[in-house]
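The structure appears below as structure tokens.
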Amino acid sequence: MVEFTEEVRRKLKGSGASEGLCVLFVRHTTAGLTVNENADPDVASDMLHALRTLLPQHGMGFRHGEENSDAHIKTSLVGTSVTVPFRDGELLLGRWQGIFLCEFDGGREREVVLTIVSSGQ
Amino acid sequence: MVEFTEEVRRKLKGSGASEGLCVLFVRHTTAGLTVNENADPDVASDMLHALRTLLPQHGMGFRHGEENSDAHIKTSLVGTSVTVPFRDGELLLGRWQGIFLCEFDGGREREVVLTIVSSGQ
Amino acid sequence: MVEFTEEVRRKLKGSGASEGLCVLFVRHTTAGLTVNENADPDVASDMLHALRTLLPQHGMGFRHGEENSDAHIKTSLVGTSVTVPFRDGELLLGRWQGIFLCEFDGGREREVVLTIVSSGQ
């Protein structure tokens with residue numbers, strides 16, 4: 001679980017947009033995106049632990065030959081995009097919320113697309 | 001599970017927007033948002049029951065000290081936002097669909113942000 | 001799991017939009033939408049298999065009388081919408097990503113709404 005809230009915040013500021021939606025989309029099938037607590041890192045590790053318990057890499061009779069079916073399934077459960085509103089150029093995240101990449105298939109370089117859509121008027 | 005579809009509908013009408021997307025975002029890390037059946041309340045209670053079965057509050061070896069890791073994980077699985085299209089000022093929900101707040105950590109006051117984005121001309 | 005990426009691509013082209021977001025929304029409570037691997041069909045069948053293992057149709061003590069509580073819950077876990085960015089009229093999907101309808105309650109006709117929102121200028 002890799003938090004990247006600050007990077008989103010910086011790019012939002014750089015865009016000059018005032019009000020609307022920030023949408024992050026991960027271009028992979030074994031890594032997801034989520035919004036969750038960024039204060040205590042135990043929350044992120046508990047999440048990975050629970051998902052591993054529910055969906056172990058082996059032992060569920062998966063047929064896909066790359067031994068990463070668990071990672072694909074976790075990705076669909078967590079989701080490949082997150083949407084966060086902003087106002088006055090600031091993300092409207094709650095006090096404990098951060099934006100995370102969830103890496104479910106080993107350390108790799110991952111690509112996330114940011115789209116900013118203005119609302120209002 | 002607290003349905004608040006009517007409130008969204010009212011605010012959409014009040015905005016005067018004709019066509020686009022309603023995005024709801026919950027500013028918390030132990031409560032999610034979902035779209036599901038609003039006719040039989042057993043569906044909502046079956047959902048909470050199943051999630052409690054898969055992710056019990058205790059017994060999974062969680063390390064986060066607040067005894068609510070299960071609530072954080074459920075939140076990431078269900079998600080912190082829902083997106084619903086509208087046309088002619090009406091939400092394009094299916095016949096059985098309603099918008100729900102999923103409270104995973106005890107009765108609390110929760111804040112949900114509504115963003116309306118226009119599409120089309 | 002029914003892939004319909006090409007249909008979305010065609011409608012996006014037909015719209016003439018250049019840059020923004022494609023949002024798909026399913027108007028049902030026992031079918032979801034997801035983005036996942038479209039190369040090896042075993043990924044999709046492993047996903048359905050794992051969800052059936054975690055959430056069997058019977059045996060979890062569901063109260064909803066239609067014997068499809070499992071399908072409702074899977075729908076909320078996978079989600080009822082997906083959001084995919086596009087640029088120069090092309091979906092910014094990763095190499096292995098496709099857009100899928102996840103049918104959790106028997107073969108039926110299902111309705112998905114496509115909304116295209118422009119970003120940028």
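Note that this is a predicted model, so its numbers are computed, not measured.
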Margin query: Quick check on the interface: out of Ser15(C), Gly61(C), Ser69(C), who has the most heavy-atom pairs with chain B under 4.5 Å?
Written below: Ser69(C)
Contact origin within [X] toward chain B - heavy atom pairs under 4.5 Å:
{"X": "Phe25(C)", "value": "side chain"}
{"X": "Leu54(C)", "value": "both"}
{"X": "Leu114(C)", "value": "backbone"}

Next item on the list: Check whether any side-chain heavy atom of Phe4(C) sits under 4.5 Å from a side-chain heavy atom of Val112(C), and report yes or no.
Entry: yes
Looking only at side-chain N and O atoms, does [Y] offer a donor or acceptor that is under 3.5 Å from a partner on [X]?
{"X": "Asn38(C)", "Y": "Glu3(C)", "result": "yes"}
{"X": "His28(B)", "Y": "Glu111(B)", "result": "no"}
{"X": "Ser76(C)", "Y": "Asn36(B)", "result": "yes"}
{"X": "His64(C)", "Y": "Asp46(B)", "result": "no"}

Margin query: Between Asp88(B) and Glu19(B), is the side chain to side chain contact (heavy atoms under 4.5 Å, CB included) condition met? List the steps.
Written below: CA-CA 6 Å; Asp88(B) 301 324; Glu19(B) 186 175 340; over 6 Å; no
Highest number of heavy-atom pairs under 4.5 Å with chain C: which of [options]?
{"options": "Glu37(B), Gln97(B), Met47(B)", "answer": "Gln97(B)"}
{"options": "Ser45(B), Gly94(B), Ala44(B)", "answer": "Gly94(B)"}
{"options": "Gly98(B), Pro85(B), Gly79(B), Cys102(B)", "answer": "Pro85(B)"}
{"options": "Leu77(B), Leu92(B), Val35(B), Val117(B)", "answer": "Leu92(B)"}

Notebook entry, point to check: Can a salt bridge be assigned to the pair Arg110(B) and Glu103(B) using a cut-off of 4.0 Å between side-chain N and carboxylate O?
Noted result: yes
Notebook entry, point to check: With a 4.5 angstrom heavy-atom cut-off, which part of Val84(B) approaches chain C: side chain, backbone, both or neither?
Noted result: both
